[in-house]
Peer 1: 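Just dropping this structure here.
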Protein chains: 2
Amino acid sequence: MPSRQPGPHSDPDPVPPGDPPRWRRRKEARPQEIVAAAMDVFAERGFAAARLEEVAARAGVSKGTLYLYFPSKDELFKAVIRAAILPNLQQAEALVAAAGGPCFPVLERLLRMVARLIATTRMAVIPRLVIAEAGNFPELAAFYHREVIRRGFGLLAALLRRGVENGEFRPVAVDPTVRLIVAPLLMSAVWRTSFDGVDGEPPLEVTALVEIHIDNLRRVLLQDSGEGAP
Amino acid sequence: MPSRQPGPHSDPDPVPPGDPPRWRRRKEARPQEIVAAAMDVFAERGFAAARLEEVAARAGVSKGTLYLYFPSKDELFKAVIRAAILPNLQQAEALVAAAGGPCFPVLERLLRMVARLIATTRMAVIPRLVIAEAGNFPELAAFYHREVIRRGFGLLAALLRRGVENGEFRPVAVDPTVRLIVAPLLMSAVWRTSFDGVDGEPPLEVTALVEIHIDNLRRVLLQDSGEGAP
DNA sequence: TTTTTATAACTGACCAGTCAGTTATTAACA
DNA sequence: TGTTAATAACTGACTGGTCAGTTATAAAAA
């Protein structure tokens with residue numbers, strides 16, 4: 001059933017003056033809308049199985065329009081990652097920069113912030129996507145490593161060093177400790193987007209997990225905490 | 001152009017008696033060889049981007065032969081996972097079952113065993129593969145959850161409970177603690193197969209990481225260790 | 001009118017899975 | 001022992017479908 005073309009002549013209803021046009025120019029709004037739709041589809045299907053036709057449909061445009069704003073599927077993927085991660089990373093950096101005094105409470109705030117992001121936003125899918133596609137897109141892996149991992153690790157490493165220098169923390173090996181701090185968060189994000197709801201498993205309690213993690217870190221990091229667990 | 005059947009008589013080069021045949025019947029060896037080749041290709045490319053033609057080539061057979069032994073790409077993928085994981089899981093279960101006395105040394109042995117597997121074998125790629133494809137193959141995710149994760153978690157949970165009951169460990173929350181114990185291992189496996197060598201990063205020191213993890217767990221789990229770190 | 005933004009039909013490459021035919025191997029028989 | 005018939009293992013060209021990316025065309029805006 002073909003659409004209503006305006007008939008060659010004397011068409012009874014060629015394009016009634018008041019009805020909405022078939023599309024509008026919305027140069028400013030398109031990129032965000034496309035990135036949001038792409039994030040949904042990539043999250044559901046992974047990169048390879050995501051179909052650009054579906055991204056376009058969810059963004060309310062045609063496939064061709066995607067290519068007006070993004071030169072390729074790869075670049076669209078990178079845009080999704082940038083949009084999801086960078087604002088949060090900047091927020092975290094600001095949080096650390098602004099804080100003075102003891103380091104452990106800063107660490108606590110950081111971990112809780114990330115836990116909340118993982119538990120409540122779509123951002124949680126990003127690690128899974130990057131992990132899945134790292135092999136096929138070395139350039140993407142490098143991008144993510146450079147723009148996200150290195151910065152995130154650097155942030156934590158600086159905080160740890162500060163804590164060690166002012167005698168608050170034991171003299172730990174910084175790099176491995178950063179990894180051990182991050183691992184449960186990464187695992188939570190991956191879990192929530194891969195196994196939640198599978199096989200009748202109850203959803204992962206990210207917040208509770210992180211609280212216990214923080215408690216453990218207190219025992220591991222602090223020089224001598226005068227508090228025993230009841 | 002018909003192939004070179006043994007010419008009836010006086011053929012110049014009919015099939016010189018000593019030369020190897022173009023292929024051999026090797027019904028017994030094929031499945032393992034195909035699974036090994038598939039593991040390599042899946043590891044390098046991920047599931048979706050892996051081409052069965054390449055799997056066949058590396059296994060030294062034609063694509064058709066794959067389908068004599070495995071009904072589909074999905075089933076081949078599951079066979080790869082089964083072959084890589086199950087033997088090790090059984091070994092771990094045996095280790096725990098055989099051990100008596102204090103629990104922490106058993107935990108240490110388990111963690112070191114897994115660390116060695118991650119650092120030195122191709123098994124490390126499995127988590128990445130499953131994570132990547134969990135969305136597209138819910139059945140696979142359920143299979144892995146049931147056959148690997150549940151069993152592995154159960155093993156650790158039982159060990160923890162034993163330690164708590166005999167007063168060796170603090171009364172920890174078992175399920176979250178299991179996750180916190182496993183997370184660094186999972187992260188190491190994923191890291192090694194996604195980011196090692198990217199952006200000039202030195203390879204991850206899995207063994208060293210796990211030793212520090214064990215040290216931290218000592219502080220977290222043990223009721224009261226009479227030893228301070230120097 | 002021209003320029004910009006968008007569409008939708010199209011193309012070309014890719015690949016999982018199939019199947020008609022080929023070859024190694026074994027068994028039966030001379 | 002050598003020859004032949006039967007069968008199981010294997011091959012590789014082919015098919016059908018999918019999908020990233022292209023482009024002719026048209027509508028909206030300037």
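Chain A is the first sequence line, chain B the second, and so forth, proteins listed ahead of strands; every chain is numbered from 1.
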Peer 1: Could you tell me how far apart A:Glu54 (CD) and D:dA20 (P) are, to the nearest whole angstrom?
Peer 2: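 It is 11 Å, rounded to the nearest whole Å.
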Peer 1: So, does B:Arg24 get its side chain near the phosphate of C:dA24, meaning an N or O under 4.0 Å from OP1 or OP2?
Peer 2: no
Peer 1: Find the distance B:Glu53:CD to C:dA13:C1' and express it as a whole number of Å.
Peer 2: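 Value for this atom pair: 14 Å.
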Peer 1: Can you check whether any acceptor in the base of D:dG21 is under 3.5 Å from a donor in the side chain of A:Lys63, or vice versa?
Peer 2: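 Per atom types, the contact qualifies.
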Peer 1: What's the CZ-P distance between B:Phe42 and C:dC15, to the nearest Å?
Peer 2: 13 Å
Peer 1: Ring-plane angle category for A:Phe42 and A:Phe77, please: parallel below 30°, perpendicular beyond 60°, tilted otherwise.
Peer 2: perpendicular
Peer 1: Quick one: which of C:dT25, D:dC10, C:dA16 gets closest to the side chain of B:Arg26?
Peer 2: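 For the B:Arg26 side chain, the nearest candidate turns out to be D:dC10.
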Peer 1: Is NZ or CZ of A:Arg179 both nearer than 6.0 Å to the six-membered ring centre of B:Trp191 and within 45° of the ring axis?
Peer 2: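 Judged by the rule, A:Arg179 and B:Trp191 form a cation-pi pair.
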Peer 1: By nearest atom, which of the nucleotides C:dG17, C:dA16, D:dC10 is closest to the B:Tyr69 side chain?
Peer 2: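 Nucleotide nearest to B:Tyr69's side chain: D:dC10.
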Peer 1: Is any side-chain N of the basic residue among B:Glu139 and B:Lys78 closer than 4.0 Å to the acidic one's carboxylate O?
Peer 2: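 Judged by the 4.0 Å cut-off on N to carboxylate O distance, B:Glu139 and B:Lys78 do form a salt bridge.
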Peer 1: Rounded to the Å, how far apart are A:Phe70 CZ and C:dA6 P?
Peer 2: 13 Å
Peer 1: What's the closest nucleotide to the B:Tyr67 side chain, out of C:dG17, D:dA20, C:dT23?
Peer 2: C:dG17
Peer 1: Check this for me, if you would: do B:Glu44 and B:Arg58 make a salt bridge, where the nitrogen-to-carboxylate-oxygen distance has to be below 4.0 angstrom?
Peer 2: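 Yes, charged N to carboxylate O under 4.0 Å.
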Peer 1: Rounded to the nearest Å, what distance is computed from the CG atom of residue A:Leu66 to the P atom of nucleotide C:dT5?
Peer 2: 16 Å
Peer 1: Measure from the side chain of A:Arg30, starting at C-beta and using heavy atoms only, and say which of C:dT25, C:dT7, C:dA6 lies closest.
Peer 2: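 The listed nucleotide nearest to A:Arg30's side chain is C:dA6.
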Peer 1: Can a side chain N or O of A:Thr65 be found less than 4.0 Å away from OP1 or OP2 on C:dT7?
Peer 2: yes
Peer 1: Using atom CG of A:Leu76 as one end and atom P of D:dC19 as the other, report the distance to the nearest whole Å.
Peer 2: 16 Å
Peer 1: What does A:Leu68 touch in the nucleic acid at a heavy-atom separation under 4.0 angstrom: a base, only the sugar-phosphate, or nothing?
Peer 2: base
Peer 1: Could you check which of C:dG17, D:dG12, D:dA9 has an atom nearest any side-chain atom of B:Lys73?
Peer 2: C:dG17
Peer 1: Between B:Lys63 (side chain) and B:Glu54 (backbone), is there a donor-acceptor pair under 3.5 Å?
Peer 2: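 Side chain of B:Lys63 to backbone of B:Glu54, a donor-acceptor pair under 3.5 Å: no, none is there.
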Peer 1: Nearest heavy atom decides the nucleotide; on that basis, is B:Arg51 or B:Gly64 closer to the 5' end of DNA chain C?
Peer 2: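 With B:Arg51 and B:Gly64 compared, the 5'-side residue is B:Arg51.
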Peer 1: Just to be sure I understand the rule, does A:Ala50 reach a base, reach only the sugar-phosphate, or reach nothing, if contact means heavy atoms closer than 4.0 Å?
Peer 2: sugar-phosphate
Peer 1: May I have the distance from B:Trp23 (atom CH2) to D:dG12 (atom P), rounded to whole angstrom?
Peer 2: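 The answer, rounded to whole Å, is 11 Å.
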Peer 1: What's the closest nucleotide to the A:Leu52 side chain, out of C:dA8, D:dT11, D:dA20?
Peer 2: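 The answer is D:dA20.
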Peer 1: Mapping B:Gly60 and A:Phe47 onto DNA chain D by nearest heavy atom, which one lands closer to the 5' end?
Peer 2: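 Here B:Gly60 is the residue nearer the 5' end.
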